[in-house]
Amino acid sequence: MESAEQKQQAGRPGRITAAMVAARAGVSTATVSLVANGKTAGRVSEDNIARVRDAIAELGYVVDGIGSSLAKGVSSIVILVAPDISNPFFAKVIAGVRESLGPQYQLLLSVTEAGEFPAADDVRRLMSLRPAGLLVDAPNARFIEDLASPSPLVLLDAPGLESYAPSVNLDVASGARQLAAHLAGAGHKEVAYVDSVTGTETFAVRRAAFLEEAAARGINVDPERIISTTIDVGTAAAAFAAAWPAWQRAGVTAVACGTDTHGYGVLQEARVAGVRIPDELAVAGFDDLPYSATSNPGLTSVHLPATALGQKAGEQLRRLMEGKVLKPGGVTLETSLVVRGSTAAAQG
């Protein structure tokens, strides 16, 4: 039996591709893809399935991620790409995805360090595993363009990026406007904003919507009062501690945060500084994490249906992986403001 080295010396390629398998089996590369991705039911005959698998054996393919998937004739991996997995919001998203995908798929997470966005090159390396599908949470346009995924793809919480791929979005702009209206109704005139450094579209949209609505309602958010940190309680607390003296001198009476985690940091440091919440300072966040209802005081927050986001995205991806056509326009889930004790007292 020839070794791999002997085959190469004889002019045979060292890596077998799907096109080579298709040529040997006498089928199209699309048929090879269907076999590799487990989409043969009602679409590929048993004879062609056997011919594809026989071709793999005859060619003596090099074992790698793609080769393994072809040999098995099925890929059960779904990759979820998420920025800054330290954000507790993603735990509910992941739970929703797993529920909708079911036990026949294995969910693989591609995550980054806090404050960093996934690199397309890193995700492309995972594509050698021949995933059945790909979910990308809170991306930006450059990442999607660089990735150029060949696998079925669904975007989560990707406002403004619907033209790139099927999307399941949260109406974060509406939630941000509701928050600004609430603070204006409570009498706040000077407000600060704590943002995420991740740089994804969802944070850009919620910040822009909040600032626009705030300005329309007579609230001043000076650009110097917009700070960005990683989604981490301690980091947010330290950033607030450094900024608060200047904010206090400027008459700031409320802080809006891009996530609840940022809000927890502000609440923590405000207590240390002896600032009375909400009498001296109102604090609000985004996400409506479970702890927000039980913190002291409870944190006013824009409710984002994280579990439903994961469920709906998983459902959409399953339809794509089954070869079904999705309705145009994507899906948008409603958000709502939950008012709690951190903003309850009126200011005047």
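Start at 1 with the first residue, then count along the sequence.
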Does Ala282 offer a backbone N or O that forms a donor-acceptor pair with the side chain of His188 under 3.5 Å?
no
- Student check: side-chain heavy atoms of Val136 and Phe143 closer than 4.5 Å: yes
Taking every heavy atom of Asp288 against every heavy atom of Arg340, the minimum-distance pair comes out as OD1-NH2, 2.8 Å
Contacts satisfying salt bridge (charged side-chain N to carboxylate O under 4.0 Å, His left out) that involve residues 312-321 (not counting sequence neighbours) are Lys312-Glu315, Arg318-Glu322
- pair Thr253-Leu281: side-chain heavy atoms closer than 4.5 Å: no
Between the OG atom in Ser110 and the CZ atom in Arg124, the distance rounded to the nearest 0.5 Å is 12.0 Å
Output for pair (Phe89 CZ, Thr307 OG1), nearest 0.5 Å, gives 8.5 Å
- Looking at side-chain heavy atoms only, is the closest gap between Leu183 and Ile219 below 4.5 Å? yes
Taking atom types as modelled, is there a side-chain donor on His303 or Thr335 under 3.5 Å from an acceptor on the other? no
Separation between CG (Leu317) and OG (Ser100), nearest 0.5 Å, reads 8.5 Å
| task | Return yes if a side-chain donor-acceptor contact under 3.5 Å exists between Thr300 and His182, otherwise no. | result | no
Here the gap from Leu147 atom CG to Leu134 atom CG, rounded to the nearest 0.5 Å, amounts to 6.0 Å
**Asked** Taking side chain as C-beta onward, heavy atoms only, is Ile277 less than 4.5 Å from Leu267?
**Response** yes
Checklist line | Donor-acceptor pair between Ser301 and Asp260 side chains, under 3.5 angstrom | finding: yes
Between Asp121 and Arg125, does any side-chain N to carboxylate O distance fall below 4.0 Å? no
Next item on the list: Find out if a path of hydrophobic residues (ILVMFWY) with successive side-chain heavy-atom gaps under 4.5 Å connects Val338 to Val255.
Entry: no
Exercise for review: Output, in order, the C-alpha distance, side-chain angles, deciding distance and verdict of side chain to side chain contact (heavy atoms under 4.5 Å, CB included) for Asp195 and Tyr193.
Suggested key: CA-CA 6 Å; Asp195 203 1; Tyr193 194 90; 3.9 Å; yes
Residue pairs meeting side-chain hydrogen bond (donor to acceptor under 3.5 Å, both in side chains), one or both in residues 240-251, sequence neighbours left out, come to none
query: Could you walk me through whether Leu109 and Val81 pass the side chain to side chain contact (heavy atoms under 4.5 Å, CB included) check?
result: CA-CA 6 Å; Leu109 300 181; Val81 182; over 6 Å; no
Arg206 to Phe203, cation-pi by 6.0 Å centre distance and 45° axis angle
yes
task: May I ask you to test the Val221-Phe210 pair for a side-chain heavy-atom distance under 4.5 Å?
output: yes
Considering only distance and modelled atom types, tabulate donor-acceptor pairs under 3.5 Å from the side chains of residues 268-276, sequence neighbours left out.
unit_1: Arg271; atom_1: NH1; unit_2: Asn296; atom_2: O; d: 2.7
unit_1: Arg276; atom_1: NE; unit_2: Glu280; atom_2: OE2; d: 3.1

What I'd like to find out is whether the side chain of Leu304 reaches to under 4.5 Å of the side chain of Leu309, using heavy atoms alone.
no
Residues at least two apart in sequence or cross-chain that pass salt bridge (charged side-chain N to carboxylate O under 4.0 Å, His left out) with Lys327, listed by chain then number, are none
Side-chain (Gln311) to main-chain (Gly96) donor-acceptor, under 3.5 angstrom:
no
Is there a donor-acceptor pair under 3.5 Å between the side chain of Thr198 and the backbone N or O of Thr200?
no
Distance col, row Ile227:CD1 vs Cys257:SG, nearest 0.5 angstrom, shows 8.5 Å
Of all heavy-atom pairs linking Ala284 and Leu179, the shortest is CB-CD1, 3.5 Å
Whether the side chain of Thr235 engages the backbone of Asp232 through a donor-acceptor N/O pair (distance < 3.5 Å, no angle test) should be reported. no
Using a 4.5 Å cut-off on heavy atoms from C-beta on, say whether the side chain of Ser196 contacts that of His262.
yes
Please walk me through it: do Arg225 and Asn220 pass side chain to side chain contact (heavy atoms under 4.5 Å, CB included)?
CA-CA 10 Å; Arg225 293 191 223 129; Asn220 179 40; 3.3 Å; yes
In terms of heavy-atom contacts, Ala306 and Lys92 come closest through CB-CB, 3.5 Å
In terms of heavy-atom contacts, Ala214 and Ala180 come closest through N-CB, 3.8 Å
Residues Ser292 and Tyr264: closest non-hydrogen pair is OG-OH, 2.7 Å
Handout entry: Donor-acceptor contact below 3.5 Å, side chain Asp287 vs main chain Leu289
Key = no
Nearest heavy-atom contact between Pro278 and Ala344 is CG-N, 3.8 Å
Residues passing the salt bridge (charged side-chain N to carboxylate O under 4.0 Å, His left out) test with Lys189, sequence neighbours excluded, are none
Open item on the list: Please determine whether side chain to side chain donor-acceptor pair (under 3.5 Å) holds for the pair Asn140 and Glu201, giving the CA-CA distance in whole Å, both sets of side-chain angles, and the decisive distance to 0.1 Å.
Closed with: CA-CA 6 Å; Asn140 56 36; Glu201 292 298 327; over 6 Å; no
Item to complete: For residues Leu108 and Leu80, determine if any side-chain heavy atom of one lies less than 4.5 Å from a side-chain heavy atom of the other.
Response: no
In sequence, state the C-alpha distance, the side-chain angles, and the governing distance for Gln316 and Val331, and then conclude on side chain to side chain contact (heavy atoms under 4.5 Å, CB included). CA-CA 9 Å; Gln316 297 287 79; Val331 176; 3.8 Å; yes
- Is it the case that more than 12 heavy atoms not belonging to Arg98 sit under 6.0 Å from its CZ atom? no
Distance col, row Ile231:CD1 vs Thr259:OG1, nearest 0.5 angstrom, shows 5.0 Å
Side-chain donor-acceptor pairs of residues 153-172 under 3.5 Å, sequence neighbours excluded:
unit_1: Asp157; atom_1: OD1; unit_2: Thr202; atom_2: OG1; d: 3.0
unit_1: Asp157; atom_1: OD2; unit_2: Thr202; atom_2: OG1; d: 3.1
unit_1: Glu162; atom_1: OE1; unit_2: Gly160; atom_2: N; d: 3.2
unit_1: Glu162; atom_1: OE2; unit_2: Gly160; atom_2: N; d: 3.4
unit_1: Glu162; atom_1: OE2; unit_2: Asn169; atom_2: ND2; d: 2.7
unit_1: Tyr164; atom_1: OH; unit_2: Glu145; atom_2: OE2; d: 2.6
unit_1: Ser167; atom_1: OG; unit_2: Ala165; atom_2: O; d: 2.9
unit_1: Asn169; atom_1: OD1; unit_2: Ala158; atom_2: N; d: 2.6
unit_1: Asp171; atom_1: OD1; unit_2: Ser174; atom_2: N; d: 3.3

